[in-house]
Structures are given as C-alpha cells and as structure tokens.
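The structure appears right after this line, and notes come after that.
Reminder, nothing fancy here: chain letters follow the sequence lines and each chain counts from 1.
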Amino acid sequence: MINPLRGMKDLTFEESQRFTHIIDTATKIAQRYGYNYIETPILEETALFKRSVGESSDIVGKEMYQFEDKGGNDVCMRPEGTAGVVRAFISTKLDRQPIKQKFYYYGPMFRYERPQKGRLREFHQFGCESFGEASVYEDFTVITMISQIFTELGIGFDLKINSLGCKACMPLYRENLVGFLTGIKEELCSDCNRRIETNPIRILDCKNGTCQSHLVSSPKLINNLCGECDSDFKKLTALLDNACISYTVDTNLVRGLDYYGKTAFEFVSNEIGAQSAIAGGGRYDRLVEFLDGKPTPAVGFAIGIERIMELVQMPEIQREGIYMGAMTDEAIEVLFPLAAAKRKETKVTVEYNSKGFKSHMKGADKANARYAVLIGEDELKESTIWLKDLESKEEKTVLLSEFQDTN
RNA sequence: GUGGACGUAGUUCAGUUGGUAGAGCACCUGUUUGUGGCACAGGUUGUCGCGGGUUCGAGCCCCGUCGUCCACCCCA
C-alpha cells in the first residue's frame with residue numbers, strides 16, 4: 001500500500017466538504033469586496049522567493065521544496081502565495097495600468113517542515129492581494145473582510161495588530177534596537193545572538209522566556225514611528241474601534257516574511273494547539289518595485305485552510321435528492337431513464353442491486369435522500385412507481401410516465 | 001533539525017508475570033416476502049507497522065527501521 005508523503009493529506013467526504021465550504025464562503029465575500037480570481041503557477045524560480053520572502057527567513061533558509069528541473073533551472077514549489085501573485089502582477093504588466101487591482105487566490109503551498117497539529121508540508125491558503133491603494137483605509141477594509149469571513153464561518157478569533165514602520169522610521173529604529181540588544185547580548189539565547197546580525201526585529205517575538213524578560217525594556221517601534229506611520233496606525237485603531245472589531249496591539253508581532261512594512265496583523269485562535277495563527281497579513285508597499293515592477297503600494301493576507309477546518313461550523317445538512325431502487329431484477333433497468341430525467345434537476349442515487357424493501361429504505365436513509373422511489377413486482381406490472389417523502393413521510397403510487405415528466 | 005508519546009479488525013481501543021487475538025461502533029443478513037432512523041438475534045473482518053534477536057513459545061522482552069501524533073523551532 002502506498003501512503004501519502006509525510007505531511008500531506010487526502011481530504012474526503014466530511015473534510016473535503018469543510019474545505020469547499022471554506023473556499024466558497026471566502027470567495028463569495030472577497031468578490032463582494034471587488035476581488036477577482038487569479039491563478040498562478042505552483043512552481044516558480046527559486047530566486048522569486050529569495051528576493052521576496054527574504055533569505056534570512058526560515059521559510060527560504062530551510063523549508064523550501066527546491067530542486068533543479070530537467071532543464072537545469074533552480075525551481076521551488078511555492079511556500080506562500082503573495083510572491084507569485086506579485087510576480088504575475090508585474091509579468092502581465094498590470095503595474096503599468098493606472099487602476100487599482102485586487103486578486104484572490106487559493107491553493108496548495110509547500111514547506112518542508114516537521115508536521116504537527118496545524119502544520120503540514122502541503123497546506124492550503126486562501127489569500128487576497130490589493131494593489132495600488134496606499135490608504136490605510138484599505139488595511140482597515142482588508143481586516144474587516146477577514147473578520148467577516150470568519151464570522152460567516154462561525155469561527156471565533158483574536159486579532160493582533162502592529163506597525164512595522166516604513167523606510168523612513170524602520171532603519172532608525174533598527175539601529176536603535178541593535179544598540180540595545182548588543183548591550184544585553186550575554187543574556188540572550190544563541191538564536192537571538194545570531195539574529196542580532198541577520199534579523200534583529202525577529203528577536204522581539206523570541207519564545208524564550210529569559211529573552212522575553214530582558215526584552216520588556218527594549219525600545220518599541222510603536223513609540224518610534226515617523227509622523228505618517230504613526231498617524232496611519234492611530235487611524236487604523238480608531239477605524240477598528242468604530243467598527244467594533246476588537247484587537248490587541250502586539251508590539252512584538254513581527255511577520256515571518258521580510259516584505260511587510262507598516263500595518264501587520266495576525267488572526268489567532270486559542271482552540272487549535274500550538275500553531276495558533278489562522279490568518280496573517282499586512283502591507284508590503286515596496287515589494288512590487290523590489291521585484292522589478294513599477295512602485296505600487298499593496299496590502300494582502302492569507303488564511304490557513306487546514307488551521308480553521310475543525311473550527312468551521314458547518315451548515316446543517318438537509319435531505320436532498322432521490323434514492324431509486326428495485327425489488328425485482330426485471331425492474332432495475334426501468335430506473336435508468338427515470339434517473340436520467342431527474343438528474344436534470346436534482347441529485348439521484350440508483351441502487352443497482354435488487355433487494356428487499358427494508359434494505360432499500362435503509363439505503364435511502366444512508367444516501368440522505370429526500371425521496372425514495374421503489375419499483376417492485378406490482379409497480380412493474382402496472383407501470384407505476386412507489387414514492388415516499390422521507391421527511392413528511394407521505395407516500396403514494398404514481399404512473400411511471402407521470403413521475404418522469406414532473407418535478 | 002531536536003525532544004517525547006504511540007503503531008493490534010474498516011474505525012475507536014482492550015489485551016494480565018511471555019502460553020496460538022478481543023470489545024464497542026460500522027458493515028451484511030434476519031426478526032418483518034412492502035414501511036427508514038430504534039430495538040433484538042446472528043454473521044464477516046486481522047501479515048498485531050516492517051526486519052532481525054532472545055525464548056520450547058513473542059502482540060507483549062531487546063535491537064534496528066519505517067510511519068503517525070504532540071511539542072520545540074517556525075508559521076497559515
């Protein structure tokens with residue numbers, strides 16, 4: 001028996017229904033906000049992710065499905081969605097269009113990690129990217145949209161927000177922080193010591209307890225923002241307050257991908273184990289030009305489908321369609337034209353084995369059918385069918401021809 | 001990459017100090033030659049993850065291996 005690879009999952013029945021329900025709901029809402037579907041390749045040049053996600057990130061550093069294809073190209077299975085969408089945005093020259101562009105996408109992402117609860121090697125994201133809108137109003141709108149999606153899916157969440165500053169205030173702060181960190185170097189864990197050089201901002205969300213205790217007095221970016229970033233962040237919090245979307249400002253919230261600036265946010269759930277982030281995103285105003293496009297402000301996010309799978313409250317399943325069965329072998333083939341006619345309108349389950357009445361009724365139940373249609377010896381003789389509404393329990397015998405022609 | 005737990009029927013799990021494998025659920029049949037969800041009766045189902053070792057004898061003990069889960073790390 002061949003099983004799926006480590007960290008990869010087959011989805012069937014109940015689970016695949018949850019999956020499609022999530023995608024359908026998110027799609028419906030994203031379209032209301034003006035997003036259009038974009039499909040981009042799963043395989044991309046490795047350089048794309050190195051340049052966008054960032055060489056210092058763990059994703060690029062050690063988690064990529066990277067290999068050389070038969071043409072000798074250095075390629076990667078995408079570890080996240082934004083880079084590919086931005087590349088497509090530039091490749092198709094949409095960055096030269098003077099209008100705003102909004103895209104949603106969903107599909108598999110790949111990261112070579114040790115699997116655990118809420119973490120797979122192949123997982124799925126639903127994401128949105130909004131290009132060309134620099135206003136913080138768009139950040140607010142994106143967050144509103146995510147909370148609407150979660151609310152519609154019946155999922156409770158906590159929202160964490162932060163500002164990562166821009167090219168005016170971030171470098172200054174960074175210098176500041178490195179100075180502070182160098183001072184307490186001896187107290188920090190080895191990882192953090194390494195990160196002082198490579199990615200000092202990441203030290204802020206180090207999970208190490210002793211590190212955190214020394215970081216309480218660290219300079220906070222939130223207190224060192226430039227005028228514009230500061231006023232934008234204040235606007236954002238005010239907008240969220242007015243919209244009654246509750247949030248906490250988490251000054252240690254640092255996104256794992258290098259391209260974020262200004263607004264960063266994360267939706268978390270406390271019901272799903274250690275991997276608690278169910279959606280994450282933020283603004284990335286400089287990524288488009290970084291990937292050789294015309295400078296274009298942008299904001300986006302992604303939802304982790306598998307992470308919210310067990311949180312989703314599914315709509316109650318209704319009895320649906322027709323179950324058809326025969327109680328005598330001669331009647332089986334009589335069912336096919338009936339089934340064909342009814343399948344223009346509804347779901348039809350045909351049992352190919354003739355069997356006893358009771359057995360058919362059980363089958364109809366199992367198929368979760370609304371109606372049972374049975375043909376026995378009597379019905380066959382008289383060209384009728386026996387029909388029962390399994391919900392109202394009404395039953396009747398009707399002419400075969402009549403049944404076939406009516407809905 | 002590191003640590004811990006665990007691999008027995010389709011599934012959830014039991015299996016004593018080593019003595020030839022069990023239960024619930026599910027499934028099939030019947031009770032009822034035509035009234036479902038319920039009840040009752042009967043029935044089917046296993047390379048005990050794989051490989052080696054110890055032993056008269058291994059599901060159980062030992063070694064290895066593969067896999068799953070949980071956590072670290074990281075993130076959706």
Side-chain angles (χ1 to χ4, degrees), chain A residues 1-9 22 26 53 56-64 78-82 106-127 146 157 189-192 194-195 199 202 205-209 253-257 260 265-269 272-282 300-309 311 319 323 325-328 353-372 374-379 386-397:
Chain A
M1 187 170 53
I2 297 174
N3 287 315
L5 293 171
R6 166 172 281 189
M8 314 211 169
K9 286 263 188 302
I22 291 166
V53 178
S56 65
S57 70
D58 277 30
I59 293 176
V60 169
K62 52 189 190 191
E63 296 174 359
M64 291 213 290
R78 63 183 181 195
E80 57 99 43
T82 302
Y106 61 90
M109 307 293 161
F110 300 84
R111 294 183 198 171
Y112 196 87
E113 304 179 82
R114 265 298 264 282
Q116 71 179 80
K117 192 174 177 64
R119 191 172 73 184
L120 296 163
R121 287 184 174 180
E122 180 186 24
F123 60 101
H124 296 78
Q125 291 186 334
F126 177 94
I146 302 168
F157 59 83
C189 71
S190 58
D191 273 341
C192 284
R194 179 175 46 78
R195 285 189 284 223
N199 199 347
R202 282 229 68 102
D205 69 347
C206 180
K207 305 295 188 300
N208 186 307
L253 174 64
V254 179
R255 312 251 58 246
L257 297 75
Y260 287 111
F265 56 83
E266 207 167 277
F267 286 72
V268 297
S269 163
I272 53 170
Q275 308 303 318
S276 58
I278 54 176
F301 72 91
I303 295 173
I305 308 295
E306 283 85 354
R307 294 229 176 132
I308 61 171
M309 203 98 102
L311 266 28
R319 281 188 177 277
Y323 172 97
M327 286 174 287
T328 161
N353 294 306
S354 73
K355 45 186 182 180
F357 185 88
K358 186 158 188 153
S359 178
H360 275 310
M361 292 304 280
K362 284 184 179 172
D365 250 348
K366 212 164 302 165
N368 209 39
R370 170 76 191 271
Y371 299 97
L374 299 182
I375 301 182
E377 277 178 40
D378 297 348
E379 287 82 5
W386 176 87
L387 171 70
K388 180 166 184 173
D389 182 331
L390 295 173
E391 233 160 51
S392 68
K393 301 182 201 300
E394 286 172 67
E395 56 182 278
K396 55 187 175 183
T397 300

Provide the distance between the two C1' atoms, one in B:G10 and one in B:C28, to the nearest whole Å. 13 Å
Between the base of B:U35 and the side chain of A:Lys393, is there a donor and acceptor pair under 3.5 angstrom? no
Could you tell me whether A:Glu113 and A:Arg119 make a salt bridge, using a distance below 4.0 angstrom between a side-chain N and a carboxylate O? yes
Sugar-phosphate, base or nothing in reach of A:Glu63, heavy atoms under 4.0 Å: sugar-phosphate
Hunt down the Watson-Crick or G-U wobble partner of B:C27, both distances under 3.5 Å, from any strand shown, or write none. B:G43
Distance between C1' atoms of B:G30 and B:U44 (Å, rounded): 15 Å
Could you tell me which nucleotide pairs with B:G59 by Watson-Crick or G-U wobble geometry, both distances under 3.5 Å, or answer none if nothing does? none
Mapping A:Ile272 and A:Trp386 to their closest nucleotides on RNA chain B, which lands nearer the 5' end? A:Trp386
Protein heavy-atom contacts under 4.0 Å, written 5' to 3' over nucleotides 25-32 of chain B as B (base), S (sugar-phosphate only) or - (none), form the string --SS--BB
Considering Watson-Crick and G-U wobble pairs with both distances under 3.5 Å, what does B:C72 pair with? B:G1
Any base atoms under 4.0 Å from A:Ala279, or only sugar-phosphate, or nothing? Heavy atoms, all strands. sugar-phosphate
To the nearest Å, give me how far apart CD (A:Glu395) and C1' (B:G34) are. 9 Å
With a 3.5 Å limit on both atom pairs, tell me what B:U33 is paired to, counting Watson-Crick and G-U wobble, or say none. none
May I have the distance from A:Glu122 (atom CD) to B:C75 (atom C1'), rounded to whole angstrom? 17 Å
Rounding to an integer number of Å, can you tell me how far A:Gln125 CD sits from B:A76 P? 7 Å
How many Å lie between NZ on A:Lys388 and C1' on B:G36, as a whole number? 7 Å
Whether the A:His124 and A:Tyr106 side chains hold a donor-acceptor pair (N or O, under 3.5 Å, no angle test) is what I'd like checked. no
As its Watson-Crick or G-U partner within any shown strand, both distances under 3.5 Å, B:G67 has B:C6
Interatomic distance, OG@A:Ser57 vs CD@A:Glu80, rounded to 0.5 Å, equals 9.0 Å
Is there side-chain contact between A:Ile305 and A:Gln125, with at least one heavy-atom pair below 4.5 Å? no
Between A:Lys396 and A:Asp389, is there a side-chain N and carboxylate O pair less than 4.0 Å apart? no
Decide yes or no, distance alone: a donor-acceptor N/O pair under 3.5 angstrom between the base of B:C73 and the side-chain of A:Gln116. yes
Can you confirm whether A:Thr328 sits close enough to A:Ser354 that some side-chain heavy atom of one is under 4.5 Å from a side-chain heavy atom of the other? no
Hey, is the side chain of A:Arg119 pairing donor to acceptor with the base of B:A76 inside 3.5 Å? no
Nearest-Å distance, CD (A:Glu113) to P (B:C69)? 14 Å
Mate of B:C48 across any strand shown (Watson-Crick or G-U wobble, both atom pairs under 3.5 Å) is none
With heavy-atom distances below 4.5 Å as the criterion, would you say the side chains of A:Gln275 and A:Lys117 are in contact? no
Distance check, C1' atoms only: B:G4 and B:U8, in whole angstrom units. 22 Å
Sticking with atom P, work out how far B:A58 lies from B:A21, rounded to a whole angstrom. 12 Å
Using a 4.0 Å heavy-atom cut-off across all strands, classify A:Glu379 as base, sugar-phosphate, or nothing. base
Any Lys/Arg nitrogen of A:Arg370 or A:Glu391 sitting under 4.0 Å from an Asp/Glu carboxylate oxygen of the other? yes
Mind checking the P distance from B:G24 to B:U45? Whole angstroms is fine. 16 Å
When the P atoms of B:C27 and B:G37 are considered, how many whole Å apart are they? 12 Å
Write down the partner of B:U17 under the Watson-Crick or G-U wobble criteria, each distance required to be under 3.5 Å. none
What's the gap between B:G43 and B:G22 when it is taken at their P atoms, as a whole Å value? 14 Å
Looking at every strand, decide which applies to A:Ile375 at a 4.0 Å heavy-atom threshold: base, sugar-phosphate, or nothing. nothing
Rounded to whole Å, CG of A:Leu120 lies from P of B:A76 at a distance of 14 Å
For nucleotides B:G7 and B:C60, find the distance between their P atoms and express it as a whole number of Å. 12 Å
Ignoring hydrogens and angles, are the base of B:U2 and the side chain of A:Arg114 linked by a donor-acceptor pair under 3.5 Å? yes
Roughly, in whole Å, what's the span from CG in A:Asp378 to P in B:U35? 13 Å
Looking at A:Phe123, does the NZ or CZ of A:Arg111 lie under 6.0 angstrom from its six-membered ring centre and within 45 degrees of the ring axis? no
With a 4.5 Å cut-off on side-chain heavy atoms, are A:Ile22 and A:Phe126 touching? no
Measure from CZ on A:Arg307 to P on B:A76 and round the result to the nearest Å. 8 Å
Map A:Ile278 and A:Lys62 onto RNA chain B by nearest heavy atom, then report which one ends up closer to the 5' terminus. A:Lys62
Select base, sugar-phosphate, or nothing to describe what A:Gly273 touches, counting heavy atoms under 4.0 Å on all strands. sugar-phosphate
